Amino acid sequence: MSLDKMKRREFLKVLGWGGVGTTLAGCDMPTTVTVQEGEEEVVAYLAPEEYVIPGIGVWYATTCAQCGSGCGVHGRVREGRVLKLEGNPDSQVNRGKLCQAGQASLQAHYNPDRITAPRVRRNGQLETIGWDQALALLEEKVGPSSGLAGERFAWVTDTVSGHQAVLLKAWMEAVGSRHHYVHEAVNDAVWRAVCRDMLGDENPRLRIDKARVILSFGADFLSTWGSTVQNSARYAEFRTAPRGVLVQAEPKMTVTGANADLWVPVRPGAEGVLALAIANRLAAEHGRDLSKLPADVQQQVRAYDIDKAARITGVSAEHIARIAALLNERAPSLVLAGTPAEGHARGYDNVAAAMLLNIVLGNVGKTLESGAGFPFPQLAAKTGGNRELLDFAAALESKSFDVVFFKGANPVYTAPEALKLKEKLAGVPFKVAFTQFEDETAQQADLVLPLRSMLEDWGTHVPTAQPEQMLISLQQPLMEPLYPETRGFGDALLALLKLRKAPQYAAYDDYYAYLRNAFAALPATLKQGAISDQQFWTRAVQKGVIEVGAGSGSLTARVAAFTVAEPADQGRPYTLVPSAGANLHDGRYANLPWLQELPDPISKVVWDSWAEMHPITAAKIGAKTGDRVRIESDHGAIEAKVYIYKGMHPDAIAVPLGQGHEAYGRYAQGRGVNPLKILGLATETKTGELAHHATRVQVTRIADKVGDKLVKLGGSEAQLGRKLVATVTADVYARTEGEA
Amino acid sequence: MSGIRQLFSGRWSFPGVRIPVGERAGLSSTAGFLALVVALFACAPLAAQAGSTVPNAVPPEGTYSGKDVPQPIEFPHDIHAKINGINCMYCHTYARRSKVAGIPPTSKCMGCHSVIATDKPRIKQLTEYWEKREPPHWLKVHDLPDFVHFTHEKHIKRFVFDNPELPVEQVSEVCAFCHGDIKDMTVAKKQKPLTMGFCRSCHEANNGPFDCWKCHK
Ligand code: SF4
């Protein structure tokens with residue numbers, strides 16, 4: 001409409017409808033706030049690279065370094081910035097998939113709390129210095145002129161593999177130290193020990209895909225246990241027709257448990273008894289021959305008929321019978337045992353009893369395959385558990401070290417308070433942290449050296465769990481470093497080595513040059529089809545992985561000596577389950593807001609800790625959802641809000657790992673609690689691992705839910721008549737065979 | 001829950017308040033009324049809008065009076081596009097290939113200006129940048145919020161390359177749909193509102209895609 005056609009009265013009427021905005025909208029003037037002009041800069045290339053088109057992303061291959069699984073990554077790069085990651089379909093580890101932590105590694109890269117320059121402790125404070133000064137300080141403190149004997153040096157790291165591991169080992173040898181502690185708070189160390197003793201291979205390949213029934217004693221293999229993305233792909237095959245059956249027995253329902261066809265709550269620590277009872281039933285009811293087992297094992301199996309076991313484990317005799325029948329019917333099966341079974345004084349025996357089932361059922365060699373035969377043992381992943389943490393603390397107690405290096409691990413956060421690690425570390429004269437963030441451990445360091453992010457660095461990684469075609473995965477920078485004063489870990493190791501063994505490593509200007517040389521030195525059999533070393537390298541970088549063969553080796557099936565113990569339940573009334581989740585894992589991802597924001601798959605809680613308990617337990621304590629409770633062990637107390645859930649054993653209280661950071665940046669700090677802090681120091685008898693699921697606690701309600709609520713997605717657990725899950729009574733089903 | 005706040009406190013905050021043209025220009029209420037009248041006039045005679053000469057196309061409706069944006073070099077679009085008749089896509093070479101049209105790289109400017117008009121002050125300024133190996137930091141004039149997916153490529157394809165009746169030499173008339181009469185400007189100034197209503201009017205008139213997720217994905 002134009003003004004000349006519009007009478008004045010009409011015009012005023014129009015104005016009267018809703019003011020100026022409405023009138024303008026009628027004439028297609030701005031109806032929303034438009035983006036401001038002249039506020040943002042737009043900088044063109046000085047001279048563009050041939051193949052770069054602004055606005056169009058190019059995908060490059062690299063490797064995820066967020067955990068030891070070593071998944072292959074494709075990263076989309078646009079205008080020199082990496083924007084999105086996906087799984088690399090060429091990597092048989094993850095077959096094109098990526099877990100949430102891999103996705104969120106972008107936020108570790110672009111994180112506002114990254115350390116951008118070296119820092120040194122002066123008068124108790126960390127002050128920024130240049131790399132020249134940092135290297136000079138290293139020369140003085142750890143170079144030959146330091147005059148320290150090799151044994152006075154130690155490293156504490158998380159899982160390391162590839163050429164970084166080679167260089168680290170070379171440095172250890174150069175100084176003459178054996179003290180490399182690989183610490184992983186969430187681990188499968190006891191499982192590995194049992195596999196080593198009973199299968200002759202500490203890291204067998206889990207053929208989840210080949211199993212027709214899986215019985216898992218708390219092994220959360222879809223979310224936190226082992227190579228989860230690889231497991232998930234195999235699980236998808238396991239679930240395609242003929243559909244495999246999953247049975248999960250554990251004190252707290254995990255994500256894997258939530259996927260199970262049958263989930264049974266087990267009294268914490270009674271997993272071994274349950275496994276023996278299943279063996280008992282297999283012999284008594286299904287005629288399985290146990291006569292070849294060692295006499296004392298036969299005796300233990302005989303000791304637990306299903307009724308007795310039901311009383312001890314809290315799993316009904318009927319359920320035990322059903323599980324045994326399933327295992328008997330469907331072959332091959334696979335029996336796994338994870339963290340809740342491992343974390344007791346007799347955790348090894350729990351896991352061994354589970355492994356016994358694999359032997360009795362003939363799974364060894366079928367669903368458990370040898371993982372041996374990786375042709376480059378020096379590159380293989382070096383992993384560990386909590387025993388290394390305890391050993392490290394013991395060594396600190398006896399003042400064994402003058403210099404300690406940290407990389408990846410954050411022991412000040414993951415160590416129980418009772419270990420007094422912080423105090424013990426104070427006795428170490430010089431502590432160096434290689435890190436991207438100022439975490440709790442870096443805060444104790446005397447020298448903090450900023451690392452590049454995984455998307456800015458070179459490296460090679462060997463997965464902790466190799467697929468059938470074994471591989472080495474290549475990590476390349478997807479963009480220029482955001483902060484020039486950061487260094488790659490490989491480069492840092494080379495610098496340290498040059499301080500010690502200059503002639504041998506002097507030829508390498510940087511880690512890239514070292515890697516190029518190492519690739520050129522790989523055996524010719526790997527380079528078939530490549531016309532030159534250059535082409536072999538280019539192809540490897542492009543593809544992201546090099547396959548090194550199928551491996552070889554076979555498993556033994558030998559029943560090692562073990563004696564299952566019944567849970568004693570002494571002291572305080574409940575057992576604390578420090579439960580790991582895929583979002584925050586052992587706390588290392590707590591500074592990534594995507595993962596804080598991602599609801600826990602079971603409780604749906606975000607940005608916080610909670611105390612998970614069975615309704616019966618909650619009734620005993622007198623707590624409702626959202627109430628605050630105090631959880632007290634012999635070694636301290638934590639407070640959290642209650643989340644009531646039936647997927648718990650009534651004797652257990654679960655508190656998730658990962659929160660309760662005192663440092664580690666704005667997203668992690670001061671949020672929730674860290675259950676590891678109140679753990680006791682009891683150890684697993686055979687392996688010396690921390691008995692992390694054996695701490696007894698008292699729980700008291702201290703406050704109503706007020707103001708600060710338990711924030712979770714999905715306010716209600718009821719369907720509210722929405723028929724989200726269709727149900728039918730057994731009665732109707734029997735009549736209609738589900739066709740109704 | 002400060003974390004949640006931190007996550008969402010981006011650059012884009014939409015207070016839900018409509019800002020009338022008068023206020024935007026910082027005018028008094030009477031002046032605001034005048035501006036309104038002017039604005040109404042401006043969008044009234046459709047025939048006066050650029051782009052009406054493009055065959056098989058109905059240009060989007062709406063005008064906007066953008067502010068002057070001072071650029072590091074006062075780049076004269078008129079000399080290039082009008083007087084010398086250089087095709088827009090000669091410099092904004094990515095427009096037909098990508099979602100962004102692209103600001104020409106400094107090397108492109110120097111391709112001509114290492115020999116042409118080297119004595120002019122603006123070219124001297126440009127040469128300085130080039131010699132310092134540093135591209136000028138231009139200021140964005142046309143921008144869309146991050147939740148809008150707009151691609152130059154698809155629009156150029158629809159109105160130019162899939163439109164045989166429009167000689168490619170006249171691409172500037174298509175550019176003018178959203179960018180106004182750039183040919184007559186020195187440095188660019190926003191002349192079109194680039195709001196959702198503006199986009200819609202064109203999608204409606206030209207049978208463009210109408211699914212929400214076409215633009216909001
Ligand atoms: S499993 Fe580990 S390596 Fe794989 S994507 Fe997740 S964090 Fe990365």
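Only a predicted model underlies this, so the values are computations on that prediction, with no experimental measurement involved. Note on naming: letters A, B, ... go to the chains in the order of the sequence lines (proteins, then strands), and numbering restarts at 1 for each one.
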Is [X] close to chain A through its backbone or its side chain, or both, or neither, when contacts mean heavy atoms under 4.5 Å?
X: Q71(B); value: neither
X: P104(B); value: backbone
X: R133(B); value: both

[X] side chain near [Y] side chain, heavy-atom distance below 4.5 Å:
X: R78(A); Y: K99(B); value: yes
X: E37(A); Y: H142(B); value: no
X: L46(A); Y: W130(B); value: yes
X: L139(B); Y: E41(A); value: yes

- Message: Out of V69(B), D68(B), T93(B), T151(B), return the one with the most heavy atom pairs under 4.5 angstrom to chain A.
- Response: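 Heavy-atom pair counts peak at V69(B).
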- Task: Specify which of P48(A), A47(A), G55(A), P54(A) makes the most heavy-atom pairs with chain B at under 4.5 Å.
- Result: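 Heavy-atom pairs under 4.5 Å are most numerous for P54(A).
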- Query: Which heavy-atom pair separates I56(A) from S98(B) by the least distance, and what is that distance?
  - Reply: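 Distance-wise, the nearest heavy atoms are CG1-OG, 3.7 Å.
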- Query: What closest approach, in Å, do I53(A) and Y94(B) show between heavy atoms, and which atom pair accounts for it?
  - Reply: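 Heavy-atom minimum between the residues: CG2-CD2, 3.6 Å.
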Counting heavy atoms not belonging to [X], are there more than 12 under 6.0 Å from its [atom1]?
X: R200(B); atom1: CZ; answer: no
X: K214(B); atom1: NZ; answer: no
X: F161(B); atom1: CZ; answer: yes
X: E204(B); atom1: CD; answer: yes
X: K67(B); atom1: NZ; answer: yes

- Task: Look up atom NE2 in H137(B) and atom CD in E40(A), then write down how far apart they are to the nearest 0.5 Å.
- Result: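 The CD atom of E40(A) is 13.5 Å from NE2 of H137(B), to the nearest 0.5 Å.
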